[in-house]
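What follows is a set of notes on a single structure, which appears directly below.
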Amino acid sequence: MSGKNKRFTVTAALPYANGPIHIGHLAGVYIPADIFSRYQRLINNDVAFICGSDEHGVAISLQARKESITPKELIDRYDKLIRDSFEKFGISFDNYSRTSREIHHKNSIELFNELNEKDLFSSKTTKQYYDTEAEQFLADRYIIGTCPICDAENAYGDQCENCGSTLSTDELKNPKSTISNSKPILKDTKHWYINLNEFEDFIKDWITKEHKDDWKPNVTGQVKSWLDNGLKSRAVTRDLDWGIPINVEGEEGKVLYVWFEAPIGYISSTKEWAEKNKKDWSKYWKDENTKLVHFIGKDNIVFHCIIFPIILKMLGDYILPFNVPANEFLNLEGRKISTSRNWAVWLHEYLEDFPNMQDVLRYVLTVNAPETKDNDFTWKEFQMRNNSELVAIYGNFVNRVLTLIIKYYNGIVPNPDSLDNSNKKIIEQAKGFPKSIGKSLDEFKFREAIKSLVNLARIGNKYLADSEPWKLQKSNPEKVKEILYVGYIIICYLTILSEPFLPNTAKKLKSQLNLEEIKNWNDLDSLNTKIDFSSNIESKEVLFRKIEDDEIIRQIEKLKKMSNQ
RNA sequence: CGCGAGGUGGAGAAGUGGUAUCUCGUUGGGCUCAUAACCCAAAGGUCGCAGGUUCGAGUCCUGCUCUCGCUACCA
């Protein structure tokens, strides 16, 4: 909380630009990353919060083909949509880039070449299926044939959905290209590989020993599972036309495999940001005092805890992640969120249905975040959390205090000469919150942190009920001044401590209460000098409105109607 | 199959050896400043099942069972 500034490089998983963003993405990655980054800034730490659209890979070229548009048109569309959703939800990236930008192409190729020149890759020539009509090599998913095990038709190149067997493409009988329906031929192709197996001991020591206790058990457990199965070498190149060309002589038509270049996108995005802001990017990636934190979903653990760290290790002078607080998954109304079945709450639709209520969704997704296990988002819970926690506890408390201050003092905050012991005690209690919430956030316990915040409002409500200023106003008006001063102090704490979680609410409150001068949590120590005791609070805006049953019913119906199942 | 994570009062979650905690919901009471909100109290759990270790286990060990993930273009 105090002392020297620390430096953080915070990354959030690059969203894949072939679809919009839904609540699962927000809950699992972007909200925690945003809370963490905002918090670090508020305690005067140096933060680079980095992200960008992931715009390469087969999935994008295939979908573009399906829609008869170019991949570029597709990624432009979704990059815009995603960017817009993040902005409206207040995800405070310092830089949001795109992997299709030149700076990333250049950066990825430089790093690829660096490793290639150091001879850290191995290369192999293998035979792969090639579609002579479409003139391209075929990814496993684009080959169908007869399953060699159960003889089902239409088994994919990597798996038979009928019997569940994992296959390799050369086992398939009667292989057929799904692109042209022609029979593919086997053709030689050369690829570069990272020998992950050479780094098994490094990963084992680093994660399962060094970080045994400070990383989440689901993360270390997953890593251990990969290690136990043995790491295998993985190709870093692919035969594709959509991606970053490797430009090696005699090897035309090869691009970097997305999993290799996407995490490098974090570095590229940092470089882009540093150029714009005249900063030294290398401090954020090469200074060992910098703490690198990757926010991801659990499906990405292997890339961020094994593969990318190995790449960083191979490069040599880069820092390794300080922590990778991966979250589990969020379900929706008891079912897995599914893009293809349209079982999701899309952010751009939420923004239309619940205008100016971003903080409500941020709150619900934080308080019920899938931190330790998969969780369920239901519209009913969304309503309940809003109505009984944000409206009844938080909003109501603020409203109660301000109403009384306006009523009794014309909106001028009372400034009593002294406080009695019980009042001092309440203030002391409030003063403990920055520390305890900060501790929770340092440990990536976002649910615990936001629950503390609401508890502060609970303390406020209880304080009012116990001290009953509306009864004392006639008999002991001096005491009432104390009480409402204390109530006001609690609101100030609430306001400032809300900033990482509920930025829009905090902003509203700050301007309403003339607290704009308070820029970080250390200022709370000298709160009394920052409070405006002269001008009066005029309006009291309702912070959170109640959500009615019919709004919720409409959402549930919409979900069922729109989903194709 | 294997590996990983999880299974705690009606719902959602804390809790890693010592009288089972919190929020919501329910019931009763109080208050009336407040967005029919707030405050207090009570009821409600043999902590997935079965063994074991221990003076003592939700917490450690073994076996079993269920859910999710690793295993689709969904973080």
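Naming convention: chains lettered A, B, ... in sequence-line order (proteins, then strands); numbering from 1 in each chain. Note that the coordinates shown come from a computational prediction; the quantities given were computed from them, not determined experimentally.
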### Task
Select base, sugar-phosphate, or nothing to describe what A:Ile337 touches, counting heavy atoms under 4.0 Å on all strands.
base

#### Entry: d(CG, A:Asn327; P, B:A75) in whole Å
14 Å

### Task
Quickly work out the A:Trp215 CH2 to B:A5 C1' distance and round it to whole Å.
17 Å

### Message
Can a side-chain donor-acceptor contact be found between A:Asn386 and A:Tyr363 if the only test is distance below 3.5 angstrom?
### Response
no

### Task
Send over the distance from A:Ile393 CD1 to B:A37 C1', rounded to a whole Å.
9 Å

## Note on the structure
Between CD1 of A:Ile450 and P of B:A14 the distance, given in whole Å, is 15 Å

### Query
Of A:Ile60 and A:Gly221, whose nearest nucleotide on RNA chain B comes first from the 5' end?
A:Gly221

### Query
Taking the same atom, C1', in B:U59 and in B:G15, what whole-Å distance lies between them?
8 Å

#### Entry: Nucleotide-resolved protein contact map, nucleotides 64-70 of chain B, B/S/- at heavy-atom distance under 4.0 Å
----SSS

### Message
Measuring only the C1' atom in each nucleotide, how far is B:G12 from B:U26? A whole number of Å is fine.
### Response
16 Å

### Task
Using the six-membered ring wherever Trp is involved, compare the ring planes of A:Phe93 and A:Phe49 and label them parallel, tilted or perpendicular (cut-offs 30° and 60°).
tilted

### Query
With respect to the side chain of A:Asn218, which nucleotide from B:A75, B:A5, B:C24 is positioned closest?
B:A5

### Query
Which parts of nucleotides 28-33 of chain B does protein reach within less than 4.0 Å, heavy atoms only, written one letter per nucleotide 5' to 3' as B for base, S for sugar-phosphate only and - for none?
---SSB

### Message
Can you classify the ring geometry of A:Phe86 versus A:Tyr30 as parallel (below 30°), tilted (30 to 60°) or perpendicular (above 60°)?
### Response
tilted

### Task
Check whether the side chains of A:Asn410 and A:Asn536 place a donor and an acceptor atom closer than 3.5 Å, and report yes or no.
no

### Query
How are the rings of A:Trp259 and A:Tyr257 set relative to one another: parallel (under 30°), tilted (30 to 60°) or perpendicular (over 60°)?
tilted

### Query
Within this structure, what is the CD1-to-P distance between A:Ile21 and B:C74, rounded to whole angstrom?
11 Å

### Task
Determine the contact category for A:Leu330: base if any of its heavy atoms lies under 4.0 Å from a base atom, sugar-phosphate if only primed atoms, P, OP1 or OP2 are that close, otherwise nothing.
base

### Query
How are the rings of A:His211 and A:Trp215 set to each other: parallel, tilted or perpendicular (split at 30° and 60°)?
parallel

### Query
According to the Watson-Crick and G-U wobble definitions, with both distances under 3.5 Å, which nucleotide is paired to B:U32?
none

### Query
What nucleotide, of B:C40, B:G4, B:A75, holds the atom closest to the side chain of A:Lys462?
B:C40

#### Entry: Separation of the C1' atoms in B:U46 and B:C31, to the nearest angstrom
40 Å

### Identified pairing partner of B:U54, criterion: Watson-Crick or G-U wobble below 3.5 Å
none

### Task
If the plane angle is over 60° it's perpendicular, under 30° parallel, otherwise tilted; pick one for A:Tyr350 and A:Phe89.
tilted

### Query
How is A:Ala13 classified with respect to the nucleic acid when contacts are heavy atoms under 4.0 Å: base, sugar-phosphate, or nothing?
nothing

#### Entry: Whole-angstrom distance between B:C24 and B:C66, as gauged at atom P
36 Å

### Query
Is the distance from OP1 or OP2 of B:U35 to the nearest side-chain N or O of A:Ser388 less than 4.0 Å?
no

#### Entry: Selection from B:C24, B:C74, B:U35 that lies nearest to any side-chain heavy atom of A:Leu543
B:U35

### Task
Name the pairing partner of B:U67, where a pair is Watson-Crick or G-U wobble with both distances under 3.5 Å, or state none.
B:A5

### Query
What is the distance, rounded to the nearest whole Å, between atom CG of A:Asn387 and atom P of B:C38?
10 Å

### Task
May I have the distance from A:Leu365 (atom CG) to B:G12 (atom P), rounded to whole angstrom?
17 Å

### Query
Which of these nucleotides, B:U35, B:C73, B:G12, is closest to any side-chain atom of A:Asn18?
B:C73

### Task
Classify the nucleic acid contact of A:Phe544 as base, sugar-phosphate or nothing, counting any heavy atom under 4.0 Å across all strands shown.
base

### Proximal nucleotide (of B:U35, B:A75, B:G4) relative to the A:Val391 side chain
B:U35

### Message
Taking B:G9 as the reference, what is the distance to B:A42 when you measure between their C1' atoms (whole Å, please)?
### Response
14 Å

### Aromatic plane relationship, A:Phe36 with A:Phe295 - under 30° parallel, 30 to 60° tilted, over 60° perpendicular
tilted

### Task
Have a look at A:Thr220 and say if it touches a base, only the backbone sugar-phosphate, or nothing, with a 4.0 Å heavy-atom cut-off.
nothing

### Message
Whether A:Lys439 and A:Glu443 form a salt bridge (side-chain N of Lys/Arg under 4.0 Å from carboxylate O of Asp/Glu) is what I want to check.
### Response
yes

### Task
For B:C24, take OP1 and OP2 only and decide whether either is under 4.0 Å from a side-chain N or O of A:Arg458.
yes

### Message
Rounding to an integer number of angstrom, what distance separates B:A43 and B:A37 when you compare their C1' atoms?
### Response
24 Å

### Message
What I want to check is whether the side chains of A:Asn461 and A:Arg458 have a donor and an acceptor closer together than 3.5 Å.
### Response
no

### Task
May I ask you to decide whether A:Asp76 forms a salt bridge with A:Lys72, counting only side-chain N to carboxylate O separations under 4.0 Å?
yes

### Message
What is the distance, to the nearest angstrom, from the CG atom on A:Asp54 to the C1' atom on B:C74?
### Response
14 Å

### Summary
Assert: residue with more 5' nearest nucleotide on RNA chain B, out of A:Glu448 and A:Ile459, is A:Glu448

### Query
Which value, in whole Å, describes the distance between the C1' atoms of nucleotides B:C33 and B:G28?
24 Å

### Task
Answer yes if the side chains of A:Tyr394 and A:Ser498 hold a donor-acceptor pair under 3.5 Å, and no otherwise.
yes

### Query
Which whole number of Å gives the distance between the P atom of B:G48 and that of B:C1?
22 Å

### Message
Could you identify the nucleotide paired to B:U26, looking across every strand shown and requiring Watson-Crick or G-U wobble geometry with both distances under 3.5 Å?
### Response
B:A42

